[in-house]
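Heads up: the structure comes next, in structure tokens.
In what follows, every chain begins at residue 1, and chains take the letters A, B, ... in the order their sequences are listed.
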Amino acid sequence: MFLQQLLNGITLGSTYALIALGYTMVYGIVQLINFAHGEIYMFGAAVGLFLVTVAGFSLVPALLGAMTFCMLLGVLVEKIAYRPLRGKSSRLSALISAIGVSIFLSTFMLLIAGPNTRRYPEVVNPTTYHIGSLQLSSMQIIILLVAALLMIGLNLMIQKTRLGMAMRATSEDLEAAYLMGIDVDRIISLTFAIGSALAGAGGVMVGIYYNAVFPYMGTMVGLKAFSAAVLGGIGSVPGAMLGGITLGILEIMGVAYISSSFKDAIAFGILIIVLLIRPQGLLGKKISKKV
Amino acid sequence: MPILKLSDISMEFGGLRALDSVDLSIEEHQIYGIIGPNGAGKTTIFNIITGIYKPVKGNLFFKDINLKNYPPYKIARMGIGRTFQNIRLFQKLSVIDNLRVSAHGISKVNIIANMLGFPNSRREEKQIMLKSGQLLEMLGLYEKGMELADSLSYGEQRRLEIARALALEPALLLLDEPAAGMNASEKIELIDTIKSIRDNMNLTILLVEHDMSLVMNICESIAVLDYGRKIADGDPASIRNDEKVISSYLGMGA
């Protein structure tokens, strides 16, 4: 029972982790909480659904299509809503702009798709595998696999490639990076692209797993993924992964052992306690401000 | 033709004049020093040359290019490298990666081609590693190449800042108080390093410094700033005997 719940928690948590990565990467570089990120995730679920139902795509092409769409959407949002404010106004204005984009995107979806909850058709054979007493559905396996692949890929990208190196340099000292010949605007653009693609993948998988796609689905999940990023230590990539999985496990355990009606209260309650003890998050760096 | 020419440059911060009609002309292959008391506007000049600030008045030319129209990263790629008064390395990157970040700035290979591991990118990456290794060797940091920048000693970090700027293959190197926090023997070593960089890499050096002995020792030309105005320029001997300089700067403590 416990192991089963743990497995379910990790599955849910790995989708939170995928979305949390976008929050943390963007924050790491421009110190902005991109509140429109949850809506990017919602668009991922919706575009995936569209590709499956209208265009007749199977899972993998639909996933790739949704990721590409979200990538472009993320870059566009940055270009239109954040870049014009950068350096010219306070971080608070960018934050308000992010909230504005978030509201715009969800109401835009409401306008074109209506308020109804839509469901994915069967894209994966609903097989259940048994390992000892553990049950594992085919969709769970896909989620775990895709999330693991994407996170390993992201880590390789950050550690090994020129883009990753430039991202790490920029997140440490944006101005110094600028002066060392790094096209910082381009790095920021690519950071939004990568974070948004990950959120898009999360959207498709959650859409299929929970079988529900609707215009406001990004609000709660966005908030949770943001909390997961803070729990892990905002700005830290491994932190977002750990924070996402931790939050997923907490939520599932809360449902399993206490009550499903308290699931969010439990998850967020524990989040508050962790942050009271460790304000910088699980893997975050302690910030000592220069006076 | 001077490699860098500032004409009539003024800068203001909230109505406060930091630079007032400053002219500078730096010839190729020179070691040029800017001196002046704290708050004279020395670092502001660096920030204007590198494009962090745009001047409220005046023009500045690097070779033939008017730098006013370019963002900092493009100015860096044109061949202006700099160090910082308070060290600003990428502390969480390895020593060699600090150099590679700069080297990538002037790379011909697309960042996406690099991500996909194209052969031209692999070839270039090898060259960058080689060149970075040579620079580290020149500055006595070769053995530390794989360590994180923040594990280096203070003196080593200062040298790494110079190496990182050189990885841009600059024609003009800006050194912001290179001797800050150094003891006498380190300063002598620094003088040798700066001279050998200029001679071996055939570049022009502009430095801002507090330390009078260093500047007099190393610079062929000197400009003196005071409250945002240039009060004198010329060779070290003429600066030493300039009355305005003596009363406003050398007089203190000299």
Determine yes or no for a side-chain-to-main-chain donor-acceptor pair under 3.5 angstrom, with B/Arg198 supplying the side chain and B/His29 the backbone. yes
Under 4.5 Å to a heavy atom of chain A? For B/Leu168 that would be side chain
Do you know the tightest heavy-atom contact between A/Ser93 and A/Leu85? O-CD1, 3.8 Å
To the nearest 0.5 Å, tell me how far A/Asn155 CG sits from A/Met151 CE. 9.5 Å
With respect to chain A, which residue among B/Gly117, B/Ser102, B/Ser121 yields the maximal number of heavy-atom pairs within a distance under 4.5 Å? B/Ser102
When you check the gap from the basic side-chain N to the acidic O, do B/Lys42 and B/Glu209 get nearer than 4.0 Å? no
Pick one of side chain, backbone, both or neither for B/Glu161, based on which atoms fall under 4.5 Å of a heavy atom in chain A. neither
Considering only heavy atoms and a distance below 4.5 Å, find which of B/Pro72, B/Ala76, B/Gly105 pairs most often with chain A. B/Pro72
Taking 4.0 angstrom as the limit, do B/Glu186 and B/Arg158 come out as a salt bridge? no
Which region of A/Met157, side chain (C-beta onward) or backbone (N, CA, C, O), has a non-hydrogen atom less than 4.5 Å from a non-hydrogen atom of chain B, or is it both or neither? side chain
Does the pair A/Asp185/A/Arg86 count as a salt bridge with the N-to-O cut at 4.0 Å? yes
In terms of heavy-atom pairs under 4.5 Å with chain B, the winner among A/Ala176, A/Ala166, A/Gly164 is A/Ala176
For A/Phe226 against A/Tyr23, the heavy-atom pair lying closest together: N-CE1, 3.6 Å
Specify which of A/Leu190, A/Ile182, A/Val184 makes the most heavy-atom pairs with chain B at under 4.5 Å. A/Ile182
Other residues, nucleotides, ligands: >12 heavy atoms within 6.0 Å of A/Lys160 NZ: no
Need one label for B/Gln91: side chain, backbone, both or neither, based on atoms under 4.5 Å from any heavy atom in chain A. both
Contacting moiety of A/Leu156, where chain B heavy atoms sit under 4.5 Å: neither
Check whether B/Leu89 gets within reach of chain A through its side chain, its backbone, both or neither, counting any heavy atom under 4.5 Å. backbone
Comparing B/Ala167, B/Gly51, B/Ala165, B/Ser107 against chain A, the one with the most heavy-atom pairs below 4.5 Å turns out to be B/Ser107
